[in-house]
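All remarks here apply to the structure that follows.
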There are 2 protein chains.
Amino acid sequence: MTKHQNNKEQVILAAAKEEFLDKGYDGARTTSIARNAGVTHAMLHYYFKTKEQLFERIFHETMGMLVEGILEVFTQTEKPFKQRMAEALDIHFEAIRQNPRLPLFMIREVASRPERFAVIKNIISTFAGNVLFTMQKDIDQAVSIGEISPIDATTLLLDMISLNVFPFIVKPVYEAATGLNLNDDSNFWDLRKKENIELIMRRLTPSQA
Amino acid sequence: MTKHQNNKEQVILAAAKEEFLDKGYDGARTTSIARNAGVTHAMLHYYFKTKEQLFERIFHETMGMLVEGILEVFTQTEKPFKQRMAEALDIHFEAIRQNPRLPLFMIREVASRPERFAVIKNIISTFAGNVLFTMQKDIDQAVSIGEISPIDATTLLLDMISLNVFPFIVKPVYEAATGLNLNDDSNFWDLRKKENIELIMRRLTPSQA
DNA sequence: TCGTTTGTTAACAAAATTGTTAATAAATTT
DNA sequence: AAATTTATTAACAATTTTGTTAACAAACGA
């Protein structure tokens with residue numbers, strides 16, 4: 001009736017993303033994806049030869065978003081170091097808040113099939129190298145003028161990521177245990193962000209001599 | 001030749017634990033478990049009717065360890081609050097260090113099949129209720145004598161757990177990205193524990209007025 | 001408009017995976 | 001030692017899941 005729209009490809013991609021994010025590669029079913037997309041499962045093989053290839057597509061897009069998000073965070077201006085870290089935490093936290101299932105997805109897939117990660121390995125490592133290098137430089141400078149107390153860049157980065165990411169990772173457990181739905185509780189997440197910033201600020205503030 | 005040992009059941013359990021911890025329920029294969037245990041896969045069904053039942057067994061033991069571990073942490077004596085939290089962090093961290101794959105295992109399984117969690121839901125929630133209640137009491141007391149700055153018990157608990165648990169959860173990603181093996185790097189983990197304690201201590205210390 | 005490419009379907013095939021059964025051996029009980 | 005219970009194996013069955021194919025329809029380019 002209407003003209004051919006190849007939007008079925010997009011519909012499949014959307015359904016696949018849902019399925020993979022929810023259940024992981026091993027738990028995902030191509031038939032289930034097709035059903036949720038409203039197409040026969042042959043279509044899925046027509047557009048994306050195999051389950052593996054469909055997954056690769058999702059995985060890469062997903063990882064792309066994640067890396068971009070983090071990159072943005074650390075291309076900051078020339079404000080005081082502490083303020084920049086506070087802003088970085090804020091941006092990073094909000095980025096995850098908009099894609100809360102992404103971190104667990106990535107971690108789960110890497111844990112059960114580390115080889116798959118090899119593809120993007122060098123992207124990540126050079127990226128991390130750069131970020132850590134400039135970060136350490138900025139830290140040393142801020143330390144030298146007495147703005148903050150000394151800390152390794154890697155240590156600080158892991159502090160920040162742990163605090164920002166873990167609550168989203170543990171969310172399913174929390175929700176399962178309490179029966180509450182944290183998605184509806186914007187107050188909880190606002191407070192959490194505030195607390196993370198508070199923690200890092202206190203960590204950076206020089207101890208009174 | 002030798003007499004019947006029903007240790008095959010144990011061998012299967014051990015192999016199953018490995019498999020489930022590594023690959024999760026969906027990724028685990030009963031044939032693979034049997035192979036690694038050195039038995040025919042019919043044995044697996046003989047001892048544990050189904051894959052599901054075998055998993056339940058592992059899941060419960062695992063959860064048991066996790067809950068016990070956390071319980072121990074918070075049955076502390078009558079030292080100053082800050083010192084008790086430092087010790088709790090230490091004990092908690094070491095407990096995870098000895099079972100580093102356990103947190104990701106639990107989170108992954110709950111995320112992909114929340115129903116499964118229902119069984120232990122009330123255990124967790126009453127337990128959490130108790131811990132949080134006494135913790136909040138202790139906090140209020142410590143605040144009243146000026147030992148620490150005010151904080152919600154739930155907030156503090158999530159701070160502590162985030163910092164202690166996340167590094168172990170992200171370990172596979174870190175290792176995949178760097179090619180390094182963090183298990184061999186006891187120095188890394190010692191420093192991490194120290195940093196977590198440092199962070200929480202600074203968070204608790206009253207700000208200079 | 002005719003031929004070609006692209007999209008779509010239903011039915012089928014292959015493989016993997018879980019679970020069962022019947023026969024047998026080994027241990028245990030009496 | 002005979003009877004009985006428990007353990008073990010190999011072969012098989014059922015189901016699920018991924019992937020294929022052949023036939024058909026719709027769009028498109030010449």
Side-chain angles (χ1 to χ4, degrees), chain A residues 1-62 105 108-109 111-113 115-116, chain B residues 1-62 105 108-109 111-113 115-116:
Chain A
M1 17 192 72
T2 58
K3 70 168 178 179
H4 256 184
Q5 332 93 305
N6 87 328
N7 60 359
K8 292 217 171 169
E9 187 174 354
Q10 297 306 314
V11 175
I12 293 172
L13 273 174
K17 189 173 180 179
E18 268 309 298
E19 180 95 358
F20 283 130
L21 267 125
D22 250 40
K23 312 191 187 162
Y25 181 85
D26 291 325
R29 295 289 168 256
T30 54
T31 49
S32 165
I33 292 171
R35 189 173 354 101
N36 287 122
V39 304
T40 73
H41 87 278
M43 288 308 293
L44 195 143
H45 291 289
Y46 175 70
Y47 283 112
F48 316 91
K49 216 56 187 159
T50 66
K51 177 184 180 184
E52 184 70 29
Q53 278 183 48
L54 179 54
F55 176 83
E56 289 296 320
R57 178 86 172 259
I58 303 287
F59 188 65
H60 275 78
E61 281 175 14
T62 291
F105 170 69
R108 157 161 64 182
E109 298 307 326
S112 56
R113 275 207 183 74
E115 332 79 68
R116 188 175 284 154
Chain B
M1 18 192 72
T2 58
K3 70 167 178 180
H4 256 184
Q5 332 94 306
N6 87 329
N7 60 359
K8 294 218 172 171
E9 186 173 355
Q10 297 306 314
V11 176
I12 293 172
L13 273 174
K17 189 173 180 181
E18 268 308 299
E19 180 96 358
F20 283 130
L21 260 94
D22 249 40
K23 311 191 186 163
Y25 181 85
D26 291 324
R29 296 288 168 256
T30 55
T31 49
S32 166
I33 292 171
R35 188 172 356 103
N36 287 122
V39 304
T40 72
H41 87 279
M43 288 308 293
L44 195 141
H45 293 289
Y46 175 69
Y47 283 113
F48 316 91
K49 216 55 188 158
T50 65
K51 176 184 179 182
E52 183 70 31
Q53 278 182 47
L54 178 54
F55 177 83
E56 289 296 319
R57 179 86 173 261
I58 303 287
F59 188 66
H60 276 78
E61 281 175 14
T62 291
F105 170 69
R108 157 161 65 183
E109 297 309 328
S112 57
R113 275 210 183 72
E115 331 80 68
R116 187 175 285 156

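These values consider heavy atoms only, across backbone and side chains, with no hydrogens, waters or symmetry-generated copies. So you know, we letter chains A, B, ... as the sequences are listed, proteins then strands, and number each from 1.
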Test A:R116 against A:E109 for salt bridge (charged side-chain N to carboxylate O under 4.0 Å, His left out), laying out the working first. CA-CA 8 Å; A:R116 188 175 284 154; A:E109 298 307 326; 3.2 Å; yes
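- At whole-Å resolution of the value, CD in B:Q53 and C1' in C:dG19 are 12 Å apart.
- B:H41 places its NE2 atom 14 Å from the P atom of D:dA13, with the value rounded to the nearest Å.
- Taking the six-membered ring for Trp and the full ring otherwise, the centers of B:F105 and B:F20 sit at least 6.0 Å from each other.
- Taking atom OH on B:Y47 and atom P on D:dT6, their separation rounds to 11 Å, with Å as the unit.
- In this entry the distance linking CE of B:M43 with C1' of C:dT21 reads 15 Å, nearest Å.
- Across the protein-nucleic acid pair, A:R29 atom CZ and C:dA16 atom C1' stand 11 Å apart, rounded to whole Å.
- To the nearest angstrom, P of D:dG19 lies 10 Å from CG of A:L54.
- Here the side chain of A:A42 is nearest to one of D:dT18, D:dA11, C:dT9, namely C:dT9.
- The nearest whole Å value for the distance from the CG atom in A:N7 to the P atom in D:dA26 is 17 Å.
- Using a 4.0 Å heavy-atom cutoff across all strands shown, B:T30 reaches sugar-phosphate atoms only and no base atom.
- A:D26 and A:K51 make their closest contact through O-NZ, 4.3 Å (heavy atoms, listed as atom of the first residue, atom of the second, distance).
- Proximity of a side-chain donor or acceptor of A:E19 to a complementary backbone N or O of A:T30 within less than 3.5 Å is not detected.
- Using a 4.0 Å heavy-atom criterion, one finds that B:A28 contacts the sugar-phosphate atoms exclusively.
- For B:Y46 and D:dA7, the shortest distance from a side-chain N or O to OP1 or OP2 is below 4.0 Å.
- Set against C:dA10, C:dT8, D:dT17, the side chain of A:K8 has C:dT8 as its closest nucleotide.
- Of the listed nucleotides (D:dT9, D:dT18, C:dT8), D:dT9 has the atom at the smallest distance from the side chain of B:T40.
- Between B:I33 atom CD1 and C:dG19 atom C1' the separation is 14 Å, expressed in whole Å.
- Side-chain contact check for A:L13 versus A:R57: some heavy-atom pair is nearer than 4.5 Å.
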